[in-house]
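Some notes on the structure that comes next.
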Number of protein chains: 2
Amino acid sequence: MLDEARDRLAANGARLTPVRQRTLEILLESHRAMGAYEVLDRLAAEGFGRQPPVAYRALEFLVEHGLAHRLQRLNAFAACLHPGHDHAPAFLICRECDMLAELPAAPVRDALTELAAESGFQVERATIEALGLCPACAGAARP
Amino acid sequence: MLDEARDRLAANGARLTPVRQRTLEILLESHRAMGAYEVLDRLAAEGFGRQPPVAYRALEFLVEHGLAHRLQRLNAFAACLHPGHDHAPAFLICRECDMLAELPAAPVRDALTELAAESGFQVERATIEALGLCPACAGAARP
DNA sequence: GTTTGACTTGTTATCATGTAACATGAATAA
DNA sequence: TTATTCATGTTACATGATAACAAGTCAAAC
Ligand SMILES: [Zn+2]
Ligand SMILES: [Zn+2]
Ligand SMILES: [Zn+2]
Ligand SMILES: [Zn+2]
């Protein structure tokens with residue numbers, strides 16, 4: 001996964017430096033959305049800088065290159081689970097267990113783009129995030 | 001508009017007190033999304049409290065009662081343009097002029113709900129916000 | 001009419017999130 | 001090698017949000 005990321009970055013003339021790689025690893029390891037300051041604590045504990053821009057820059061870099069996503073609802077970031085092809089997914093966030101799912105949102109986006117077009121509005125970037133219950137938590141709640 | 005709001009609130013046993021009413025008026029007057037601190041400045045200048053909770057409480061109240069919406073992407077609030085029937089709209093935000101449009105998002109939501117259901121996920125609340133160009137700004141840019 | 005209890009408004013204090021501006025060091029290109 | 005760009009680190013600050021408490025308002029219950 002990391003090698004793949006590194007290759008794709010190299011093709012774009014971008015480098016997966018130590019902070020950036022470690023940031024990506026941290027996001028991947030936790031398998032959930034993390035706040036920038038949570039990431040920063042981890043980085044600082046491992047000898048990287050301990051000031052906010054260190055984390056924000058690495059996270060911003062990963063988002064720019066499609067290796068991570070930013071979740072508006074949570075003020076948080078998460079590693080992209082399907083990097084590679086440019087994509088603009090929808091996110092499902094479980095309110096019970098914080099599980100995060102990343103779904104290909106083409107049909108939703110198409111519906112939104114069409115809706116917007118009816119008002120003459122051109123959609124460039126869309127945020128589609130849902131809060132609810134994941135299968136596991138829904139099963140536990142109402143078995 | 002205000003009278004209508006007051007009536008609907010009364011039916012719910014809630015009161016449109018002076019701070020709350022003034023907060024709603026401020027949102028309505030500006031016709032755009034406003035940060036909580038911007039609202040707070042206006043309130044303070046008119047003799048209301050000048051501490052953050054004053055604005056946050058009034059805004060939260062308005063959102064709870066469907067008179068305003070919160071915009072995740074902007075960390076901001078805007079008056080609801082179609083209050084009354086419960087609704088969960090999609091928002092279009094112009095990146096040039098900050099114009100905000102509020103669209104009935106039923107088709108988009110349906111697509112999202114269906115998509116989520118395929119993974120067994122139950123959607124409870126969804127955030128659908130698009131950034132792009134409004135008709136006026138799109139026309140100006142590429143005439 | 002007074003008392004009670006829920007609600008509203010205000011405060012202080014603090015926390016969380018995010019960025020601007022600048023100095024230094026590493027990598028690349030000329 | 002030297003110039004240039006990019007990357008990392010810092011300080012300082014801006015913005016966004018909430019917890020905890022005190023005091024005032026209002027309407028129902030007595
Ligand atoms: Zn992704
Ligand atoms: Zn769950
Ligand atoms: Zn609305
Ligand atoms: Zn515009």
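Residue numbers begin at 1 in each chain, while the letters A, B, ... track the order of the sequences.
Distance CG (B:Asp41) to P (D:dA14): 14 Å, rounded to an integer number of Å. Atom P of nucleotide C:dA23 and atom CD of A:Gln51 are separated by 17 Å, given to the nearest angstrom. One atom, CG of B:Leu74, and another, P of D:dT15, lie 15 Å apart when rounded to the nearest Å. Rounded to whole Å, atom P of D:dA7 lies 11 Å from atom CG of A:Leu9. Regarding A:Phe61, its CZ atom lies at a distance of 18 Å from the C1' atom of D:dG9, rounded to whole Å. Separating the CD atom of A:Glu38 from the P atom of C:dC15 is a distance of 18 Å, rounded to the nearest angstrom. Rounded to whole Å, the distance from CZ on B:Arg73 to C1' on D:dG16 is 18 Å. Rounded to a whole Å, the CG atom of A:Leu59 is 14 Å from the C1' atom of C:dT19.
Summarising the geometry, atom CG belonging to B:Leu112 is positioned 6.5 Å from atom CG belonging to A:Leu92; distances are rounded to the nearest 0.5 Å.
Look at A:Asn75 and you'll find a side-chain N or O under 4.0 angstrom from OP1 or OP2 of C:dG18. Between D:dA27 and B:Arg15, no contact under 4.0 Å exists linking OP1 or OP2 to a side-chain N or O. Neither OP1 nor OP2 of D:dT10 sits under 4.0 Å from any side-chain N or O of A:Arg50. Side-chain nitrogen and oxygen atoms of A:Arg70 include at least one within less than 4.0 Å of the OP1 or OP2 phosphate oxygen of C:dG18. Regarding contacts with the backbone of C:dC7, every side-chain N or O of B:Arg57 stays at 4.0 angstrom or more from both OP1 and OP2. Side-chain N/O atoms of A:Tyr37 include none lying less than 4.0 angstrom from OP1 or OP2 on C:dA16.
Here the closest non-hydrogen pair linking B:Ser119 and A:Pro135 is O-CG, 3.0 Å.
Of the listed nucleotides (D:dT8, D:dA19, D:dT10), D:dT8 has the atom at the smallest distance from the side chain of A:Val19.
Of the two residues near DNA chain C, B:Pro52 and B:Arg20, the one whose nearest nucleotide lies more 5' is B:Arg20. Between A:Pro18 and B:Tyr56, the residue anchored nearer the 5' end of DNA chain D, judged by the nucleotide with its closest heavy atom, is A:Pro18.
Within a 6.0 Å radius of CZ in A:Arg95, more than 12 heavy atoms belonging to other residues, nucleotides or ligands are found.
Cation-pi geometry between B:Arg70 and B:Phe77 is not met: the NZ or CZ atom fails to fall both under 6.0 Å from the ring centre and inside 45° of the normal.
Side chain of A:Gln72 to backbone of A:Thr127: no donor-acceptor contact under 3.5 angstrom is found.
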